[in-house]
2 protein chains.
Amino acid sequence: MAVTIRDVAREAQVSVATVSRALSSPDLVRPATRERVLTAAAQLGYQPNRAARGLITGRTGNMGIVVPDLNNPFFTGVLKGVQARARQADYAVFVADSDEDRATEEQLVRAMAKQVDGVIVCSPGIDDTQLYEAAGITSLVMLNRRLRGVPAALMNSASGMRQVVDHLVALGHRKLVYLNGPRTSWSNRERRRGLRLATQQHGVELIELGPFPPRYEGGLQACDLALATKSTAIMAYNDIMALGVLARLRDRGIGVPGDVSVTGFDDLMFAELCSPPLTTVAMPLATAGSLAVDLLLDGLNSDSAEVRHVDLDTQLIVRATTSPPPA
Amino acid sequence: MAVTIRDVAREAQVSVATVSRALSSPDLVRPATRERVLTAAAQLGYQPNRAARGLITGRTGNMGIVVPDLNNPFFTGVLKGVQARARQADYAVFVADSDEDRATEEQLVRAMAKQVDGVIVCSPGIDDTQLYEAAGITSLVMLNRRLRGVPAALMNSASGMRQVVDHLVALGHRKLVYLNGPRTSWSNRERRRGLRLATQQHGVELIELGPFPPRYEGGLQACDLALATKSTAIMAYNDIMALGVLARLRDRGIGVPGDVSVTGFDDLMFAELCSPPLTTVAMPLATAGSLAVDLLLDGLNSDSAEVRHVDLDTQLIVRATTSPPPA
DNA sequence: AAACATGACGAAAACGTTTACATCTTTTTG
DNA sequence: CAAAAAGATGTAAACGTTTTCGTCATGTTT
């Protein structure tokens with residue numbers, strides 16, 4: 001049915017070995033024969049069977065990515081970058097959604113392991129020991145999470161938070177409140193770290209609340225607590241929570257940014273579209289995904305044991321939810 | 001390195017053939033030996049090499065899905081369903097993002113073809129001839145698009161639009177305006193079809209504008225044109241456009257739903273979160289994805305040539321952007 | 001009890017590649 | 001110009017499975 005290397009060999013009047021060589025290491029055959037093979041292959045529409053190749057080379061030409069939730073734009077942003085870069089490198093991408101469940105997460109990596117050369121893991125939740133175990137089965141690259149001995153593409157949340165604080169302090173705010181996301185999340189820890197450092201250096205007061213679920217409802221819930229602190233600016237763990245905060249403030253008739261300033265984190269699509277448009281921190285999602293692929297491929301090709309981490313800058317996006325505090 | 005079927009065979013003191021049988025067609029071996037093999041496999045952590053299996057069976061155990069844009073929540077909703085159902089069936093999912101480009105689209109299918117048993121195509125844009133060509137290479141299932149001879153999972157947009165019109169007419173609206181999405185999109189054609197039928201039956205006036213780009217900016221642009229028609233209700237092609245309409249209305253100081261009603265389509269996350277919350281039509285995205293997988297698998301297993309289509313109901317979600325027209 | 005069907009299992013071929021090795025041809029070297 | 005080196009190509013083994021076929025033991029029918 002499908003056209004195999006044998007058909008090409010027959011057509012080009014050479015052995016299968018020569019065909020294989022002409023295609024994968026062209027400098028091993030005479031230009032004339034290479035030409036002959038290439039035209040034969042093109043004419044027959046030959047596409048090498050990757051499974052067969054993988055069987056002998058040990059390389060599959062596939063990679064996997066596991067994310068907690070495909071409905072979360074954060075992860076799909078990353079996925080988009082991964083997918084694009086992988087295609088450039090002639091790799092195909094398996095995707096798996098763990099539904100935020102840690103148990104399935106490791107199981108997914110394990111299931112993929114046989115079919116991929118490596119897996120990119122975007123899981124804030126899953127714990128270290130499980131990850132190390134997974135790392136034993138196949139090569140891993142972490143996304144937005146630091147793990148000793150495993151390469152990672154990181155987005156500098158701490159720096160983003162510093163930019164937020166700089167911005168708010170410059171506007172004249174002196175008392176800030178932060179709404180924590182999940183305790184176990186690496187991102188939340190990083191954001192907090194940047195926050196503490198920055199507020200300390202500026203000598204302004206920081207109040208922390210939470211943790212809250214990193215969702216719209218979490219924002220609704222947190223909002224009233226935040227207002228009770230008499231802070232002039234509310235910094236949410238992420239955009240979705242910020243959206244909840246904005247909704248609750250509107251319901252209570254509190255003006256944004258007139259009465260209180262609000263910031264998010266992630267710069268998801270709707271941050272620009274909501275009203276008022278949200279001041280937030282843009283994450284280089286696609287870039288991170290793309291770089292994660294590079295890290296994976298580097299790790300496969302160079303057998304040096306060095307573990308690389310790349311650190312990407314985040315960028316404060318000032319929109320309309322921040323202004324000087326009320327006089 | 002990896003544990004192979006041979007290792008299991010040695011451990012269980014049987015031949016490789018028996019191991020294979022014990023695992024894939026258990027009724028061909030004696031219960032006692034099966035037991036022995038199974039424990040050996042479990043003990044060694046054996047996972048069959050799917051590439052090797054695929055080489056001989058012709059089945060890869062993989063499927064692909066190609067979408068125009070992974071950042072569009074519509075497609076990720078589908079993807080989530082696909083992914084979940086595929087996993088249940090012990091299939092892995094390749095994902096490819098065509099970046100809305102028709103040329104790459106067919107190329108992607110072609111590249112996947114060798115590695116998958118079938119591909120799910122969610123492409124409103126790509127033209128029929130390309131699809132038929134692709135269908136020649138591997139089995140296809142269409143998502144939310146009808147194509148002769150190819151199975152499809154469809155969401156009944158027309159019925160959704162009928163529900164919208166019923167709702168608006170019941171509220172007392174007599175002059176409606178529809179903002180078209182892309183002309184070539186199957187979804188838009190379906191929505192229009194439902195719309196025309198419903199308005200005709202109710203004997204109310206329908207004005208159509210556009211096509212507009214199905215984005216936020218498209219909504220901004222369309223809004224002023226829509227207002228100029230003096231209609232009392234604006235129906236957007238999708239939620240994102242509706243969001244643009246809402247923003248523009250707010251800018252112009254026009255009250256929603258007091259002065260004019262607005263509806264979207266798709267029920268994306270932010271339809272619930274925007275303000276006022278958007279009346280829209282919910283699409284069973286995940287269900288459609290899940291069913292698309294079923295169709296694909298059915299087509300592979302039964303060799304009957306019947307081409308199945310499944311048609312899913314959509315559901316009007318009434319929120320706060322619709323009310324009786326101003327007196 | 002002989003003939004036969006049945007069931008359980010092993011040996012080996014096959015799937016489509018890549019690659020180590022062997023063979024043959026060409027070029028370089030002394 | 002002979003010998004050696006280098007270059008081009010073919011042969012065959014290997015990768016990890018599934019599956020056909022054959023063998024052998026077991027149970028069933030006459």
Side-chain angles (χ1 to χ4, degrees), chain A residues 1-38 40-41 44-62 90 92 111 113-117 137-138 300, chain B residues 1-38 40-41 44-62 90 92 111 113-117 137-138 300:
Chain A
M1 187 93 285
V3 34
T4 94
I5 203 174
R6 295 200 142 69
D7 302 322
V8 180
R10 195 176 324 115
E11 179 77 15
Q13 320 243 42
V14 294
S15 75
V16 291
T18 305
V19 176
S20 174
R21 278 187 282 251
L23 292 156
S24 43
S25 27
D27 39 334
L28 288 184
V29 300
R30 213 167 26 155
T33 35
R34 183 196 320 158
E35 188 67 23
R36 203 142 39 91
V37 170
L38 257 44
L44 270 53
Y46 170 71
Q47 296 267 101
N49 181 325
R50 305 182 79 144
R53 171 182 299 173
L55 200 50
I56 186 141
T57 59
R59 289 287 193 85
T60 62
N62 300 329
D90 203 26
K114 273 288 186 312
Q115 293 197 90
V116 301
D117 297 338
I137 316 178
T138 184
L300 294 176
Chain B
M1 190 91 282
V3 33
T4 94
I5 202 174
R6 295 201 140 67
D7 301 323
V8 180
R10 194 176 322 114
E11 180 78 14
Q13 319 244 43
V14 295
S15 75
V16 293
T18 305
V19 176
S20 174
R21 277 188 282 251
L23 293 162
S24 42
S25 27
D27 39 335
L28 289 183
V29 300
R30 219 169 19 161
T33 31
R34 184 196 319 159
E35 189 67 23
R36 201 142 41 89
V37 170
L38 258 43
L44 270 53
Y46 169 72
Q47 297 267 100
N49 180 326
R50 306 182 79 143
R53 171 183 298 174
L55 201 51
I56 187 141
T57 59
R59 289 288 194 84
T60 61
N62 301 328
D90 202 26
K114 275 287 187 308
Q115 293 197 91
V116 301
D117 297 339
I137 316 178
T138 184
L300 294 176

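Chain letters run A, B, ... following the sequence lines, proteins first, then strands; residues in each count from 1. Every value quoted in this text rests on a predicted model; they were computed, and no experiment measured them.
For A:Arg21, taking side-chain heavy atoms from C-beta onward, the closest of the listed nucleotides C:dC15, D:dG10, D:dA14 is D:dG10. Taking every side-chain heavy atom of A:Ser15 into account, D:dG10 is the closest of C:dT17, C:dC9, D:dG10. Minimum atom distance to the side chain of A:Ala17 is reached by C:dT19, of the listed D:dT17, C:dG16, C:dT19.
In this model, the phosphate group of D:dT18 is approached by a side-chain N or O of B:Ser20 to a distance below 4.0 Å at OP1 or OP2. Contact annotation: B:Thr57 side-chain N/O to D:dT18 OP1/OP2 distance is not under 4.0 Å. Distances shown here put every side-chain N or O of B:Arg50 at or beyond 4.0 Å from the OP1 or OP2 atom of D:dT17. Between C:dA8 and B:Arg30, no contact under 4.0 Å exists linking OP1 or OP2 to a side-chain N or O. The side chain of A:Thr18 contributes no N or O atom lying less than 4.0 Å from OP1 or OP2 of D:dT9. The shortest distance between the side-chain N/O atoms of B:Thr33 and the OP1/OP2 oxygens of C:dC9 is below 4.0 Å.
In terms of position on DNA chain D, the residue among B:Ile56 and A:Ala52 whose nearest nucleotide sits closer to the 5' end is A:Ala52.
Atoms CD (B:Gln47) and P (D:dT17) sit 11 Å apart, rounded to a whole Å. Rounded to whole Å, atom P of C:dA14 lies 18 Å from atom CG of A:Asn49. If you measure from atom CG of B:Leu55 to atom C1' of D:dA14, you get 13 Å, rounded to the nearest angstrom. Atom CZ of A:Arg6 and atom C1' of C:dT17 are 9 Å apart (whole Å). Following rounding to the nearest Å, A:Asp7 (CG) and C:dG16 (P) show an atom-to-atom distance of 9 Å. Between the CG atom of B:Leu28 and the P atom of D:dG22 there is a distance of 18 Å, given to the nearest Å. B:Ile5 has its CD1 atom 12 Å from the P atom of C:dG10, to the nearest Å. As rounded to whole Å, 11 Å separates atom C1' of C:dG16 from atom CZ of A:Arg53.
One finds the OG1 atom of A:Thr60 at 13.0 Å from the CZ atom of B:Arg50 (value rounded to the nearest 0.5 Å). Here the straight-line distance linking atom OG of B:Ser15 with atom CZ of B:Arg6 works out to 10.5 Å at 0.5 Å rounding. In this structure, CG in B:Leu38 is found 6.0 Å from CG in B:Leu23, a value given to the nearest 0.5 Å.
Between the side chain of A:Arg21 and the backbone N or O of A:Val29 there is no donor-acceptor pair closer than 3.5 Å.
Contact check for A:Thr4 versus A:Asn49: no side-chain heavy atoms found under the 4.5 Å cut-off.
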